[in-house]
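This chain uses plain numbering: 1 for the first residue, then up along the sequence.
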Amino acid sequence: MGESLISLDRATVLPPILLLCLACYICVVPVTEAIWLQIPSSGTKCVSEEINSNVVVLSDYYVIDEAHPEHPPTVSAKVTSPYGNNLHHNENVTHGQFAFTTTEAGNYMACFWLGSNPQKVADATLGLDWRIGFSAKDWESVAKKDKIEGVELHLKRLEAQVQSIHENLLFLKHREAEMREVSEVTNSRVARLSILSLGVCIAVSSLQLWYLTRYFQKKKLI
C-alpha cells in the first residue's frame, strides 16, 4: 500500500520534498494538542474517535486544579473498543496513561468521571493528550536507531505522515463503500415493501368491490 509512495525516483523528488519539509517545519501547527474536559460532579464525560485497525494509540490524562494543586480531585477512566471490549480501566487517580494497538476499525471511546473524593467537588478539569498513528510514534528512538537527524529525519516523518494520510483515505473509501452498500440494500427493501403494499391495497380494493357488487346484486339494487 505504501510502496508506491516510497519507490519514487529520489533524484527528481528530493528537492520538492526538501522545500515542503522546510515549509512544514516553519509553518505547520503541532500535530497533537491537549483536550480540556470539564468533568461534572455527577455523570460521565466521554470522547471518541473513529480509528482504523492496526493503529497505535497513546494517551495521557491528568487532573488540573489550580485552587488546590497539592490535592487535586481524583477521576476514574475507562476505554472501550467498538465491540465493547475493555482496553483500559483506572479508578481514583489524578493522572494516568494508556496505550494499545487497535484490532478492529470503528469508534473507540474514552470515558471519565469523578472518583471517590473525601471532599465534595463541584466539577474537575481534565487534560487529555490523545495521539494516534503518526503522532504516536517515538521519533527520537527512530532517529537514534537509524542514526539520522536534521532534514533526513524530517523527510522520514513526512513520508510516514503521507503514508498515514493515504491509509486514512483508503479507510474512508472503504467505509463509504460499506455505507453505500447499506443504503442500496435499504432502498431495495423499501422499494419491494412499497410494491408489496401497493399489491395488498389493490387486492383489498378488488375484494371490497367484488363483495359490494355481490351484496347489491342479492339485494336487487343493481
Side-chain angles (χ1 to χ4, degrees), residues 24-144 153-154 157-158 160-169 171-172 174-175 179:
C24 290
Y25 180 73
I26 297 173
C27 303
V28 76
V29 296
V31 176
T32 59
E33 292 184 357
I35 302 173
W36 306 102
L37 301 176
Q38 202 71 20
I39 310 300
S41 58
S42 60
T44 304
K45 180 76 72 172
C46 297
V47 293
S48 64
E49 185 165 356
E50 192 167 358
I51 310 174
N52 199 2
S53 58
N54 298 322
V55 176
V56 177
V57 178
L58 298 177
S59 183
D60 298 295
Y61 56 92
Y62 44 89
V63 179
I64 301 171
D65 190 356
E66 297 180 354
H68 305 89
E70 297 84 4
H71 303 285
T74 61
V75 296
S76 299
K78 184 177 181 181
V79 182
T80 55
S81 70
Y83 295 113
N85 299 322
N86 191 10
L87 303 176
H88 172 77
H89 186 78
N90 207 357
E91 294 187 356
N92 299 321
V93 295
T94 58
H95 64 277
Q97 59 182 357
F98 55 86
F100 58 89
T101 301
T102 59
T103 56
E104 63 265 355
N107 202 30
Y108 287 79
M109 182 174 295
C111 294
F112 304 90
W113 63 94
L114 287 179
S116 301
N117 296 285
Q119 298 179 354
K120 187 176 181 180
V121 181
D123 52 17
T125 302
L126 182 78
L128 177 64
D129 186 12
W130 182 284
R131 304 185 301 276
I132 63 172
F134 165 79
S135 58
K137 196 169 185 178
D138 188 359
W139 290 103
E140 293 183 1
S141 300
V142 173
K144 292 179 181 179
L153 176 60
H154 288 296
R157 293 182 63 180
L158 285 173
Q161 190 170 12
V162 169
Q163 184 175 357
S164 176
I165 293 173
H166 186 202
E167 292 175 354
N168 288 334
L169 289 175
F171 171 65
L172 292 176
H174 176 69
R175 290 300 302 271
M179 295 177 65

* **ring-ring contact (aromatic ring centres under 6.0 Å, His included) involving F171 - partner list, sequence neighbours excluded** => none

* **side chain to side chain contact (heavy atoms under 4.5 Å, CB included) between N85 and E104, worked out** => CA-CA 11 Å; N85 299 322; E104 63 265 355; 4.3 Å; yes

* Point-to-point distance, once rounded to the nearest 0.5 Å, from CD of E167 to CG of L169 -> 10.5 Å

* Verdict with supporting geometry, V75 and L114, side chain to side chain contact (heavy atoms under 4.5 Å, CB included) -> CA-CA 4 Å; V75 296; L114 287 179; 4.0 Å; yes

* NE2 of H89 to CZ of F98: how many Å apart, nearest 0.5 Å? -> 13.5 Å

* Structure fact -> Note: A99 and L58 closest approach over all heavy atoms is CB-CD2, 3.1 Å

* How would you list, by chain and number, every residue that makes a side chain to side chain donor-acceptor pair (under 3.5 Å) with T125, sequence neighbours excluded? -> Q38

* **Residues forming a side chain to side chain donor-acceptor pair (under 3.5 Å) with H95, sequence neighbours excluded** => none

* Asked: Can you name the closest pair of heavy atoms from G115 and S76 and give their distance?
  -> CA-OG, 4.1 Å

* Asked: Can you tell if the side chain of T74 reaches within under 4.5 Å of the side chain of T94, non-hydrogen atoms only?
  -> yes

* Nearest 0.5 Å, what's the CG-CG distance between L126 and L37? -> 5.5 Å

* Structure fact -> When every non-hydrogen atom of C111 is compared with those of W113, the smallest separation belongs to O-CZ3, 3.8 Å

* Among N52, T102, I51, V56, which residue meets the side-chain contact (heavy atoms from CB on, under 4.5 Å) test with I132? -> I51

* To do: Identify the heavy atoms of I64 and G127 that sit nearest to each other, and give their distance.
  => CD1-N, 4.3 Å

* Structure fact -> So OG1 of T44 and NZ of K78: to nearest 0.5 Å the spacing works out to 10.0 Å

* Any pair counted as salt bridge (Lys or Arg N to Asp or Glu O under 4.0 Å), so long as it reaches residues 39-50, sequence neighbours left out -> E50-R175

* Asked: More than 12 heavy atoms of other residues, nucleotides or ligands under 6.0 Å from NE2 of H174: is that the case?
  -> no

* For T103, which residues count as a side chain to side chain contact (heavy atoms under 4.5 Å, CB included) partner, sequence neighbours excluded? -> none

* Value rounded to 0.5 Å, distance of OG in S59 from CD in Q97 -> 9.0 Å

* Y61 and H88 aromatic ring geometry - parallel, tilted or perpendicular at 30°/60° bounds -> perpendicular

* Results of ring-ring contact (aromatic ring centres under 6.0 Å, His included) for Y108 - residues two or more places apart only -> F100

